[in-house]
Structures are given as C-alpha cells and as structure tokens.
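Heads up: the structure comes next, in structure tokens.
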Amino acid sequence: MAKGITKRADDYSQWYIDVVRKAEMADHSPVKGCMVIKPTGYGIWEKIQQRLDRMFKETGHVNAYFPMLIPESFLKKEAEHVEGFAPECAVVTHGGGKKLEEPLVIRPTSETIIWDSYRTWINSYRDLPILINQWANVCRWEMRTRLFLRTTEFLWQEGHTAHATHEEAEEETYKMVQIYREFAEEYLAMPVLVGKKTDAEKFAGALHTYCIEGLMQDGKALQAGTSHHLGQNFAKAFDVKFQDSDKELKYVHASSWGVSTRLIGGMIMTHSDDNGLVIPPKLAPLPVVIVPIYRNDEQREQVIAKAEEMTAGWDPLFFKIDNRDHYKPGYKFNEWELKGIPLRIEIGPRDVESGEVVVARRDTSEKVTLPMEGLLEKVEALLDDIQANLLKAAKERTEANTHTVDSYEEYKKRIGDGGFFRVFLDHENPKVEEQLQADTRSTIRCIPFDAEREEGECMISGKPCHYRVVAAQSY
RNA sequence: CGGGGUGUGGCGCAGUCCGGUUAGCGCACCUGCUUUGGGAGCAGGGGGCCGUAGGUUCGAAUCCUACCACCCCGACCA
C-alpha cells in the first residue's frame, strides 16, 4: 500500500489532495487558490494540448493570442456577461507606479477583447467564418478552490468563432462539443454525457451552452468542457457587422468553447487508485519506465547495457531507463506507480540471461514475462489495451452509477450516495431548479442530446415532461 | 461572507493548560560504508528569529491584545 495516500473509501477529498501531492503534479502557491504546476502535471497538460490542438486544426481552426489585460468597460458591454463575471474578476488599478485612467481586468474569459478585435477584422461575408482558438491563462476569483478542479488562475483553450448565420454558429457549437466528447473518450478514457445546459447553468451571455459531463469515482459529476452558442449578443455589444451577399448589413453570429486544466483533475478522479495516479497511456508524457536490477557494479553495467541495446531505436520520449543508483528497485516501483506511469519494465541479471523482461501494467498491477525480441510491438499493444481497459472500467462504473428515479422522495434519499440520476424535471422552470438545489445540493447537469422521448411528470412541479434530464451533485 | 479548526526546519507532528538551560520527534535532505527482483541498514551531519505586530515579565513557542494566513463545512463557479 502506498505510503502517504489516504484511501478513497476513508476520505475521498483527502485522497485527491494526496494523489496530486505525492505524484508531484502541483503545489499550492503563496497566493490563495493558485497552484504551481510541476513537470509531472504540466507534462500531461502538454499532451492534452498537443492532442486537442491537432483536433482543432483538423477541423479548420487556427491559433492566435489576445492580451491578458482587458479594459474594464469592455466587460460591461454585454449585460448578462458582466453580471456573470464581474464578481469574480481580478482588477489591475495601478501600473508603472501610477493609478490607471481605466482599471484593467485580468481576463476571466476573452470574448470581449476578442470581439473588439473582430469588429475591425470583419466587413464582408467573405471574411467569415473566423475560426480562432487561443491557449491562455485566465483568472477567476473563486470563493473556494481545489487543485486542478478550480484554481484562481488556470490554463485553458478558448475557441472564438464568427459566422454569417445562426445555423453555421449552431453547427460549430455542436461540432466542438462533439470534439470534446471524442477527446474525453479517446484520450482521457473518460466517458461523458453530452447535452445542453439549462438556462440557469448556461454561460453568461450565451443563447445556450452544450457540455460534456463526467462522473467521478465518488459519484459526483464534473463539467469537463463547454461550447456556447453566443448568437448575436457579442456582435451587438461590440458592433460587429458584415455586409452579406444580399447587400444587407447584418450582425455576426458567434460561438465560444473551452476546456481547462480541470481535465487533469477529471483524469485523476476517473482513473487513479489508492496507490496513486493512473495516467491513460495516450496522455502519458512518459509511457514506459525501465527499472534495472543488479547486485553490484558489474551487473549494473551489464543490465543497463542490455536495456540500452533492447531499446535501441525506440523514441527517446517514449521511455526512460531509471538508472539512479541511490534508490533500490522496490522504491522505484512504488514511485513510478505513484506517478501513474502506464507500464514498467523490470530487467535484471536473470532476464539478461534468459533474454526476457518482466512487464508490469499500472491499471491492473499484472506482471507478464515477455521476450526482448520484438518487445516494442508487444509494449505498444499492452499500452493500447490499458487505454481501452481504463475506458471500459470507467464506462462500467458510470453505467452502474446511473440511476433512473421517478419519485422526489426516492431521489432525495439517494442523491447523497452519488451518481447520475435520470429524472423528469421541468428544466424550463427556474423555480424547479432552485427547489432542487435547496433541497438536495444537486443540479440538472444536462439535457442529454440522446434523451429518448418518454412521458412523465416533473418530480417537483408535476408538470408533464417528454424526456428525462440528468441531475447530480457536482464539483 | 456565516459555522468550525489550525499556524513550531521541506512535509507530518509533540511541547502551550501550569513561562525557566542549547525547542524536540518521525519522514525527507547531505557524507561515508554495507546494500539492491516490492518503499534497505548503520554511523556522522546540515537545516528553526515557534504566522505577524504590540504588550506583561528578570525571562515568552508558552500569558494578554490586535491583526494576518491557511484548511474543512456551506453560499459563488470551468
């Protein structure tokens, strides 16, 4: 059993903090709610960036960068937007030792500064669409923070697109939430619900918001990505018009979408266990570690030489030979498990002798003996199997914790145990959501796209409903 | 912002009630030797103005006052 990690069953929240700390993912910074992302954690973020960036570019998007400081007045141009974000903005009032003419907001999100630029970029329907993404940091002064899940400053990507028509903007909004779903399943190995947020939960300034929602091991939901259809709200606020082919002057339609370092928190809470972090192979900065075993200097030389010979021609970023001499193999086994490395290869004198190695997988702790001959192929196959296995396990857990409930009494009784609850709720009535939150500290997570037609009555108001929504307690 | 808690080497803690040499312990760290197939052993060593600022006292980690920070439980949120 791993030293220094609280068991999930004893205290899930403490377990999470322990895993982040022991795996050396991140530290608290001197400023409340901020974190230092250490190489182990940042390496995973880099992987996420690489994979997602490719998916964005394959769908026609390009990257750009907009400034971090935004004139305060910009935020105020869209009524709902300012109401939603003003309370959590950090504001710069001084620069160069002088009080500023106008305070500058550290971006909580970049719609306003970007749409201010788009005004000058867009004149004709021929300028559209604009499909831009940016990788950036943002700052939101949250009341309560947790490493990766909610930090004062966090890293994310935000896509900001401009379109000639409502339909095109809608198509983009939908396309991007599907890309998030695909990324979550294929890379994070995290199954997600895909659907629409209720009005109460949508982005401040959007017509509607689509989202992906994962279910963590403790039964709480995690919003893992959002895609907003902004309609013409920001175009109107920033006066962004174009002349269409029919000669008419029209406001531009917009979308914005983002995922953040929160995904790393989601990854941890989806796969990790009481022995520490578990990284899905496709996101592992280091998929394979090789631990040499020896009793003396002569053996050490032999074993390491053999390990080098065995891995000749392998991608150097794919593996690492842990030749540190001041730790014993057992220590290294535990350390790499703690850090979630998907596969560990053990090679010692007896393996050098037999031409085989011992391969241990992080997800199941199974060890197998494999010949050095043709090892790379087998290792790659094992990594694929781990990736698939993690997704399968997470899917089964999510399904086992998805409940269909009809009575509010039963819901209230069971909601505390966690899980997704498929229920009839009149999501168009804000009072229903208020009541739900007040009674149960749970919310409607989303109205799934694939909700089938089914007749029932709202378990709070009794109003007839034609499909079920999904409610849960969430992070 | 309400309720509860905690501030002592990098981390985790003891000491505080009842003031008194040089502030301890475990882990981690450094050096050396022996070790090395699931978190090694021994020996030696480095590292602290005890959250901050005042006060009481011959003397304060310990008593008094104020402030600050962080953590947990709620309200706010990706």
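Atoms considered below: every heavy atom in the structure, side chains included; atoms not considered: hydrogens, waters and symmetry mates. Lettering of chains follows the sequences in order, A, B, ..., and the numbering in each one begins at 1.
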Side chains of A:Thr112 and A:Glu78, donor plus acceptor under 3.5 Å: no
Ignoring hydrogens and geometry beyond distance, is a side-chain donor-acceptor pair present between A:Ser255 and A:Trp257 at under 3.5 Å? yes
Taking only residues two or more places apart in sequence or in another chain, which ones pass ring-ring contact (aromatic ring centres under 6.0 Å, His included) with A:Phe449? A:Tyr174, A:Tyr210
C1' gap between B:rC1 and B:rA14, integer Å: 35 Å
How would you label the contact of A:Val358 with the nucleic acid (heavy atoms, under 4.0 Å): base, sugar-phosphate, or nothing? base
Tell me which pairs pass side chain to side chain donor-acceptor pair (under 3.5 Å) where either residue lies in residues 442-451 of chain A, with sequence neighbours left out. A:Glu213-A:Arg445, A:Tyr411-A:Ser442, A:Thr440-A:Ser442, A:Thr443-A:Arg445, A:Arg445-A:Ser474
For the residue pair A:Arg146 and A:Ser13, confirm or rule out a side-chain donor-acceptor distance under 3.5 Å. yes
Rounded interatomic separation in angstrom, taking CZ from A:Phe333 and C1' from B:rU36: 10 Å
Shortest side-chain distance from A:Arg344, nucleotide among B:rG37, B:rG38, B:rA75: B:rG38
Regarding A:Asp439 and A:Tyr408, is there a side-chain donor-to-acceptor distance under 3.5 Å anywhere? yes
Check the interface with nucleotides 8-12 of chain B: list each N/O to N/O pair with the protein under 3.5 Å, or write none.
none

Would you find a donor on one side and an acceptor on the other, under 3.5 Å apart, between the side chain of A:Thr59 and the backbone of A:Met55? yes
Mind checking the C1' distance from B:rG19 to B:rC71? Whole angstroms is fine. 30 Å
CA sep, side-chain torsions, deciding dist, call: A:Lys7, A:Asp274, salt bridge (charged side-chain N to carboxylate O under 4.0 Å, His left out): CA-CA 5 Å; A:Lys7 291 199 183 72; A:Asp274 290 345; over 6 Å; no
Rounded distance in Å between the C1' positions of B:rU6 and B:rC50: 14 Å
Given B:rU36, B:rG39, B:rG37, identify the nucleotide with an atom nearest to the side chain of A:Glu335. B:rG39
Expressed as a whole number of Å, how far does the C1' atom of B:rU31 sit from that of B:rC49? 29 Å
Whole-angstrom distance between B:rU16 and B:rA60, as gauged at atom C1': 11 Å
Between B:rG7 and B:rA61, how far apart are the two C1' atoms, rounded to whole Å? 12 Å
Lys/Arg-Asp/Glu bridge criterion (N-O < 4.0 Å) met for A:Arg8, A:Asp218: no
For atom CD of A:Gln437 and atom C1' of B:rC76, their distance in whole Å: 10 Å
Taking the side chain of A:Asn334 as heavy atoms from C-beta outward, which of B:rG39, B:rC76, B:rG37 is closest to it? B:rG39
So which of residues 61-75 of chain A are in contact with RNA chain B, with a heavy-atom cut-off of under 4.0 Å? none
Selection: residues 322-331 of chain A, any non-hydrogen atom under 4.0 Å of RNA chain B: A:Tyr327, A:Lys328, A:Pro329, A:Gly330, A:Tyr331
When the C1' atoms of B:rA53 and B:rG10 are compared, how many Å lie between them, rounded to an integer? 27 Å
Ring centre gap for A:His208 and A:Phe203 strictly below 6.0 Å: no
Taking atom types as modelled and ignoring hydrogens, do the side chains of A:Ser256 and A:Glu111 form a donor-acceptor contact shorter than 3.5 angstrom? yes
Check: A:Phe74 ring centroid to A:Phe238 ring centroid under 6.0 Å: yes
Counting Watson-Crick and G-U wobble pairs with both distances under 3.5 Å, what is the dot-bracket string for RNA chain B, 5' to 3', using [ ] for crossing pairs and | for pairs to another strand? ((((((((.[[[[.)....(...]]]].((((((.....)))))).....[[[[[..)....]]]]])))))))....
Tell me whether the centres of the aromatic rings in A:Trp115 and A:Phe66 are closer together than 6.0 Å. no
Decide whether A:Ser110 and A:Arg107 meet the rule of one side-chain donor and one side-chain acceptor closer than 3.5 Å. no
Classify the nucleic acid contact of A:Ser365 as base, sugar-phosphate or nothing, counting any heavy atom under 4.0 Å across all strands shown. nothing
Looking at every strand, decide which applies to A:Tyr475 at a 4.0 Å heavy-atom threshold: base, sugar-phosphate, or nothing. nothing
Would A:Tyr327 and A:Asn334 count as having a side-chain donor-acceptor pair, cut-off 3.5 Å? no
Closest to side chain of A:Glu337, choosing from B:rC72, B:rG38, B:rG37: B:rG38
In whole angstrom, give the distance that lies between atom CG of A:Asp27 and atom P of B:rC70. 16 Å
Same-atom distance (P) from B:rC67 to B:rG45, integer angstrom: 46 Å
Among B:rG37, B:rU36, B:rG74, which nucleotide sits nearest the side chain of A:Arg441? B:rG74
